[in-house]
Amino acid sequence: MPGPFNLSAMTAAACLLFPLAAQAQVGGLPDTAAKLLVEGVCTGCHQTNMITQSSGYTREHWHELIGTMIDLRGVPDQEAIITDYLAENFPPQYNRRPAKLVSGPHEVSFNEWVTPTLGQRTRDPIQAEDGSIWWVGQFGNIIGRLDPGTGEMKEWQLPAGAMPNTVELDPKGNPWYTGNKNGTVGRLDVATGKFTVYKMPDPAAKDPHTLIFNKQGIAYFSLQNSNMVGRLNPETGEIKLVTSPVPNSKPYGIKVAADGAIWWACNGAPCLFRMEPQTMELKEYKLPLTGTTVRRLDIAEDGMVWYVNSGKGRIGRVDPNTGQVKEWDSPSGPRSHPYAIVVMNGAVWYNESGVRPDPLVRFDIATETFQSWAIPSGGIYAGIWRHGRATKEGNLLLHQSSTNRIIQVTPKQRAASR
């Protein structure tokens, strides 16, 4: 017979594991005897809507998922109560948002690593020149490095309150992060373990989001909810901010083109922007469909700008010279919510984050055909790949935040049948 609930002890344990997590709004859980315990433990890290809006899981999968967020092995009775409650009230409903997987001639392999700190919400892995892989853990306020050859990992605790949204490497290989919750951008000195932190000069610039460097080592970054884009000169510390001329356009993904221009995506409006790196002068590229929102974009070798139309379940291409736009429906339909994107080797790679299983999709640019695969962890847990990066070997780096996984995808062409 399970022992009595020890809510205060459980909540304290969650807060010790996640001292910098934002306070969550409680609500929406079925009212049974275990509700108070589930609220006390789970909302130490996230809101209850991450439970209620999930696709649901089996008891086995709830147990595994909980184990990636908090260590309850010392209180097995409470662990069982929480797991039983979630499995009973939130069983699998994978058919609610079914993916349409498309077969084809290509093959891929998936290799996964699980990062050490529970509940950190691992995201945005990027390869360094030496082959190591850096990531950030947003909920854990962590930046980390993985040696994919040995599996060895090291984590550094970021300055208080940063809640990093991404990690990026400058031309010298130094790791940087965006402090999404405290209006900062920072750099880690790996040799000393010390951080250099740059505070936004405008209090309205609250949420640095995605970061990129040009060849000269100048940083450019988006501020989604602040509706701004910024530039940072690391040598002088000077930060310049510009506000998007489109209200509530929510600058999101950001990239540097071969000509040095900065491109960024609008997650709140049907537009892309091109920005001159020196003057920060903006040119808007309007996208044709009402309801279009763009999470991410990438730039092909021929200069074409590819993007995910997250709001309409499509992918698209803009010719920077003519402004001509062409879009294609994603296989899983208008609610598939494409998110991350990488263009490499004649193909557009992206994911459909709004369906289950969470598919990795390949779009062949020459033949305009799709092929897709279920992402192993994403097929169950909806971790969502949010930011696409390629390795120098032509592989993809993914993440599944809910299960703290870094995933390397290795594409290979299936041998033609004779």
Side-chain angles (χ1 to χ4, degrees), residues 123-124 126 164-168 170 176-180 183 185 200 202 204-216 218-233 239-289 292-300 303-312 314-321 323 325 327 338-343 348 350 386-389:
R123 58 178 297 156
D124 291 22
I126 184 172
N165 193 84
T166 198
V167 57
E168 184 61 63
D170 67 22
W176 291 68
Y177 67 92
T178 53
N180 191 242
V185 173
M200 294 298 105
D202 182 347
K206 299 179 183 298
D207 60 334
H209 191 275
T210 303
L211 176 71
I212 197 77
F213 285 87
N214 66 9
K215 293 179 180 179
Q216 292 73 41
I218 304 299
Y220 298 85
F221 53 94
S222 59
L223 300 98
Q224 179 185 197
N225 295 318
S226 306
N227 208 38
M228 297 177 179
V229 175
R231 181 183 68 200
L232 165 64
N233 184 334
I239 295 175
K240 182 177 180 180
L241 301 167
V242 296
T243 299
S244 171
V246 177
N248 203 37
S249 58
K250 297 184 178 181
Y252 205 87
I254 189 167
K255 291 286 183 177
V256 180
D259 64 359
I262 311 300
W263 285 79
W264 49 269
C266 302
N267 190 35
C271 56
L272 304 176
F273 276 89
R274 181 187 187 275
M275 184 170 73
E276 290 293 334
Q278 298 298 326
T279 65
M280 300 185 76
E281 180 182 354
L282 298 173
K283 179 180 178 180
E284 181 184 1
Y285 288 75
K286 296 182 184 294
L287 302 179
L289 296 180
T292 291
T293 57
V294 182
R295 292 278 189 177
R296 300 285 181 184
L297 75 169
D298 202 4
I299 303 172
M304 295 294 111
V305 178
W306 290 84
Y307 62 91
V308 288
N309 186 337
S310 307
K312 303 295 287 185
R314 312 181 104 202
I315 62 169
R317 182 186 65 202
V318 172
D319 185 328
N321 298 316
V325 177
E327 292 193 348
Y339 206 128
I341 184 171
V342 174
V343 182
V348 179
Y350 68 98
R386 289 178 166 86
H387 193 2
R389 319 284 186 100

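No side-chain heavy atom of Val229 sits less than 4.5 Å from a side-chain heavy atom of Leu282. Residues Lys206 and Asn225 fail the side-chain proximity criterion, which asks for heavy atoms closer than 4.5 Å. Between Leu223 and Met200 there is a side-chain heavy-atom pair separated by less than 4.5 Å. Between Arg317 and Val348, the closest side-chain pair of non-hydrogen atoms is not below 4.5 Å. Side-chain contact check for Pro251 versus His209: every heavy-atom pair is 4.5 Å or farther apart. Within the 4.5 Å cutoff, side-chain heavy atoms of Pro245 are placed close to those of Phe273. Counting heavy atoms from C-beta outward, Asp124 and Arg389 have side chains that approach closer than 4.5 Å. Between Asn309 and Leu287, the closest side-chain pair of non-hydrogen atoms is not below 4.5 Å.
For the pair Asn227 (side chain) and Lys250 (backbone), a donor-acceptor distance under 3.5 Å is present.
Residue Asp202 holds its CG atom at 7.5 Å from OG1 of Thr243, rounded to the nearest 0.5 Å. One finds the CH2 atom of Trp264 at 11.0 Å from the CG atom of Leu297 (value rounded to the nearest 0.5 Å). The structure places CE of Met275 at 11.0 Å from OG of Ser244, a figure rounded to the nearest 0.5 Å. To the nearest 0.5 Å, the span separating CE on Met228 from OG on Ser249 amounts to 11.5 Å. Atom CG in Asp170 sits 10.5 Å away from atom CD1 in Ile218 (nearest 0.5 Å). To the nearest 0.5 angstrom, Leu232 atom CG is 14.0 Å from Lys240 atom NZ.
When Tyr220, Phe221, Trp176 are each tested for a ring-ring contact (aromatic ring centres under 6.0 Å, His included) with Phe213, only one passes: Trp176. Considering His387, Arg386, Arg296, Arg295 in turn, Arg296 is the only one that fulfils the side-chain hydrogen bond (donor to acceptor under 3.5 Å, both in side chains) rule with Thr210.
Scanning all heavy atoms of the two residues, the minimum distance from Gly388 to Ala340 falls at N-CB, 3.6 Å. Closest approach of Val185 and Pro208 over heavy atoms only: CG2-CB, 4.1 Å. Of all non-hydrogen atoms in Ser310 and Pro338, the two that sit nearest each other are OG-O, 2.6 Å. Contact between Val305 and Pro320 at its shortest, heavy atoms only, is CG2-CG, 3.9 Å.
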Hey, mind stepping through Asn165 and Arg123 against side chain to side chain contact (heavy atoms under 4.5 Å, CB included) and telling me if it holds? CA-CA 8 Å; Asn165 193 84; Arg123 58 178 297 156; 3.6 Å; yes
Under the side chain to side chain contact (heavy atoms under 4.5 Å, CB included) rule, what do Met304 and Asp319 come out as? Steps first, then yes or no, please. CA-CA 5 Å; Met304 295 294 111; Asp319 185 328; 3.6 Å; yes
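Residues forming a salt bridge (Lys or Arg N to Asp or Glu O under 4.0 Å) with Arg314 (at least two apart in sequence, or on another chain): Glu327, Asp329.
Using a 4.0 Å cut-off between charged nitrogen and carboxylate oxygen, Glu281 and Lys283 do not count as a salt-bridge pair.
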Distance-only criterion, 3.5 Å: show the donor-acceptor pairs between side-chain atoms of residues 253-263 and protein atoms not counting sequence neighbours.
| from | atom 1 | to | atom 2 | distance (Å) |
| --- | --- | --- | --- | --- |
| Asp259 | OD1 | Ala261 | N | 2.9 |
| Asp259 | OD2 | Arg274 | NH2 | 3.1 |

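Trp306 has its ring centre no less than 6.0 Å from the ring centre of Tyr350.
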